[in-house]
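Below is one structure, written out as structure tokens; comments come after it.
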Amino acid sequence: MDAGSLAVNEREKSIIVKGKQKKQLVCDTDSAAGCVSQRACVYCGARVVLNPVTDALHLVHGPIGCASYTWDIRGSLSSGSELYRSSFSTDLQEEDIIFGGEKKLARAIDELVLKHHPPLVFVYSTCIVGVIGDDLEAVCKAAAQRHNIQVIPVQSSGFIGNKSAGYRAACNALLRLMGPEPTPTRNLNSINYLGDFNLAGEAWIISNYLRQMGLEVNVTFTGDSRYETLIKAPRASLNIVQCAGSMHYLAQKMRELYGIPYLNVSFLGVLDTTASLRMIAEHFGGSGIKQKTEELIKTETDKVIPLINGYRGNLQGRKAAVYVGGGFKAISLIKQFREIGIDVVMIGTQTGRQSEYETINDLVDEGTVVLDDANPSELERFMVEKGAHLLVGGVKERPLAYKLGAAFIDHNHDRKHPLSGYEGAVNFAREVYSTVCSPVWKYLKA
Amino acid sequence: MERQTGFARNAAENPCNMCMPMGGIIPFKGVEKSMVILHGSQGCATYMRRHMAEHFNEPIDVASSSLNEKGTIYGGEKNLKLGLDNLIKLYNPGVIGILTTCLAETIGEDIDRIASEYLLDRGLNDVSLVTVPVPGYGGSHSEGYWMATRSIIARLSREAPANRRINVIVPHISPADIREIKRILQLMRIEYTIFPDFSDTLDSPFTMPYKKIPIGGTGIEEIAEMSGAAATIQMGVTASREISPGHYLQDTYGVPLYNMPIPIGLENTDKLFAVLKQVTGKDMPESIFSERGRLLDGMVDSHKYNAAGRSAIFGDPELVLAIAGVCRENGITPVVVATGSKSFMAAEAIKSSAAVDVPEQSLLAGTDFARIREHCREKSVNIAIGHSDGRYLTEKEGIPLVRVGFPIHDRMGGQRLLSVGYTGTMTFLDRITNTLLEEKHKNYRHGIFDKFYTGKMA
């Protein structure tokens, strides 16, 4: 941005216009105070990643709010236990802050384990726990011994970093669950799928594809996962990583510890889905797998391409603004929008990484605004300046788009319809059509 | 009565309340040209914005001082001041609410000092800073609401010459409810200051161009002159004296206080008109009298259907109290009456909801949905009345839910739900009755068949 063109100087280094300047975008920094960042906290990052573990008891050690705002708000589906849909809290009170919350936490674990019999408890630390210095490790260790189950502390005090730090805390918790030892046996053609939270059954859709290719999903991190399946994760012969922002670290660690190689994939949009399936088939080699993969791709694309093209006619030439959580989603969306004839004129993420921003910069057209950790003022300004017809975002961004008279795509964890794979690509095109071409907009212009 | 406290209970399972800062944000949205900054880690502001955006379907901008590790160890003053700088640059507000959070309170931030120093440092005289200490562990969102409402009045009001206005202080009701109260006052030609007035700001009409701070809210000058009003009508009997804004005005400026329940239900609405008569000498207008008559007519029409109702009521203590009244006066038996708030006043409100003729009522304060669910089963509840989190009772126990209160995040139009006054009560009661009827119609054929039919299947 030109100097002085933004009200807040601290934000200038986090915004670039492609082609206008050579400088590199700065990301993964602390949010600027007072700017109304759209980011959440460390706890949020950890909870997002771990919550889909269906038979775990998710206990928030802290005041009631942190558990209240995260109770069953996401669309992760389960094929078994429903325990993950409950939100548990030690509901800390003033006296606990003064005298410490360790005893209460221990009693809470006892009480809840007795009632729900989970094989696994995640104990999330919150801001105050980090300050009053409760020894989460010790309490969890003792509780694990008492009940003979896994009780894993998640170091997610809100102030120790941004949402990405929470992803890392969650990955560390998962690593503890799997243990440091590599397993002697390795299942051939067995895949761990990292970074899919089974929103609206998306992990099931992808598992079905892989099965048709002659491969088996060992466990998904963490959509529809269970204690029993998670601890067997080290047996897989390949990790595929979709949401790299949250799971790249886990993939690296698993390669280090268990020698499992990994591939970055994305199942958003027809192009990326096809490319990812081919990449996986290529990894395993073998003409059988490759042939089945090509058959699958042909059947599915024959089915969906005409449907998607049907929408494309009405959408050609529209302009999109994108503001999502992670980089992988942003990258895929640029390509996916192209599939339906739409150009991305503004794009940003809450927690994208440097390498992802480089890819974004390579993909977008000249003049596209790229921004990290944006706020409502910036979203408003650039959407208006660039003439965006629609915004992709989460719950907080939705009303802003509508107030600006722009269409909106819900690409968040709350949605109830899948956007992954070939089915998801059709859903996406349909959703774009249903919002962009709605009759309501014409009444706003009067 | 079962009153669970932090000592008695080790874990909450599926909370029935939110935290103090959440409640504290809402009154600020009812002040003209106002913004809020939460002094704490970034997540608090984001979670609360998300929660509110889903309910109101409005952009909810709330800033954060985005405290990091350094700020937590060495003090967050620098972050807060920088946050105020940026907030002013971006929004240019007339009032800024500075709300603490768990983190700021625990590390002992002195926000009063920081705020007054900040104004001096920057030489600002066109913006007012209102500080509110609301640690998340200090109480529920209900107490946070009252504390912020009181703090705003305490900070902005000043000795003013006596005026003819009456103050109307509202609890956390819907924007539509606030509009209805204003309609009644306007119809009666009563001069008033209603506060906090988020009827436009949190339910704003579509206009271009977009405004970062929506138009509306109680004016700063109006709040300043609440001290000179003829009387205060506060719909807040569950606010304890230390956090009650009406008591503040009475104790500080001698403004007579009429503290009453939310005017939902016939009796409570009658009470409102009785108080208005007492304060202004004005009678109920003819058109309102007709609305009252229509409500009576409707109550008679529905009474036998309502008699089948065994209700569970939960949410903000103030709202729970009013809804329990609606149930009782219509022959619906409130068998479970619950709030997540642990305050003494909340417990008192729940206790006073007890119906003499209902043996073994479950009266729960400081509770959660796991407990409410157990009591619903025990008491054979067939209708739940409260905010959207009660969908848990629908999913687990098949109990239909009439949505009212906050948050309503799984349906549209929470901000437009009207329940106050005679007309509001009628629409609210219709929603309850029709929910009971819907269940009846859904179930009676196979229910009766299963119970009585013993012949051969055709």
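Note on naming: letters A, B, ... go to the chains in the order of the sequence lines (proteins, then strands), and numbering restarts at 1 for each one. All of these numbers come straight from a predicted model, not from anything done at the bench.
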Q) Which pair of heavy atoms, one from A:Ala33 and one from B:Asn86, lies closest together, and at what distance? A) O-ND2, 2.8 Å
Q) What closest approach, in Å, do B:Ser66 and A:Ala32 show between heavy atoms, and which atom pair accounts for it? A)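 Smallest heavy-atom distance, with atoms named: OG-O, 4.1 Å.
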Q. Is there any residue in residues 71-78 of chain A with a non-hydrogen atom under 4.5 Å from a non-hydrogen atom of chain B, and which ones are they?
A. A:Trp71, A:Asp72, A:Ile73
Q. Do A:Lys403 and B:Glu58 sit within salt-bridge range, that is, some charged N less than 4.0 Å from a carboxylate O?
A.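 Looking at A:Lys403 and B:Glu58, the cut-off is met.
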Q. Of the backbone (N, CA, C, O) and the side chain (C-beta and beyond), which part of B:Phe56 lies under 4.5 Å from a heavy atom of chain A, both, or neither?
A.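 Interface part for B:Phe56: neither.
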Q | Per-residue contact mode, B:Lys212 against chain A (heavy atom under 4.5 angstrom) | A | side chain
Q | Test item: A:Cys127 and B:Ser41 side chains (from C-beta on) under 4.5 Å apart, heavy atoms | A |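 Counting from C-beta outward, A:Cys127 and B:Ser41 do come under 4.5 Å.
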Q) Which region of A:His61, side chain (C-beta onward) or backbone (N, CA, C, O), has a non-hydrogen atom less than 4.5 Å from a non-hydrogen atom of chain B, or is it both or neither? A)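 Neither part.
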**Q.** Steps toward salt bridge (Lys or Arg N to Asp or Glu O under 4.0 Å) verdict (A:Asp91, B:Lys342)
**A.** CA-CA 11 Å; A:Asp91 190 8; B:Lys342 294 183 179 71; 2.5 Å; yes
Q: Under 4.5 Å, counting heavy-atom pairs only, tell me which of A:Gly45, A:Ser157, A:Gly158 racks up the most with chain B.
A: A:Gly158
Q: Under 4.5 Å, counting heavy-atom pairs only, tell me which of A:Pro399, A:Cys41, A:Ala401 racks up the most with chain B.
A: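 Highest number of heavy-atom pairs under 4.5 Å: A:Pro399.
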Q) Nearest 0.5 Å, what's the CD1-SG distance between B:Ile37 and A:Cys35? A)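 Going from the CD1 atom of B:Ile37 to the SG atom of A:Cys35 covers 9.0 Å.
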Q. Just wondering, more than 12 heavy atoms not from B:Leu124 lying within 6.0 Å of its CG?
A. yes
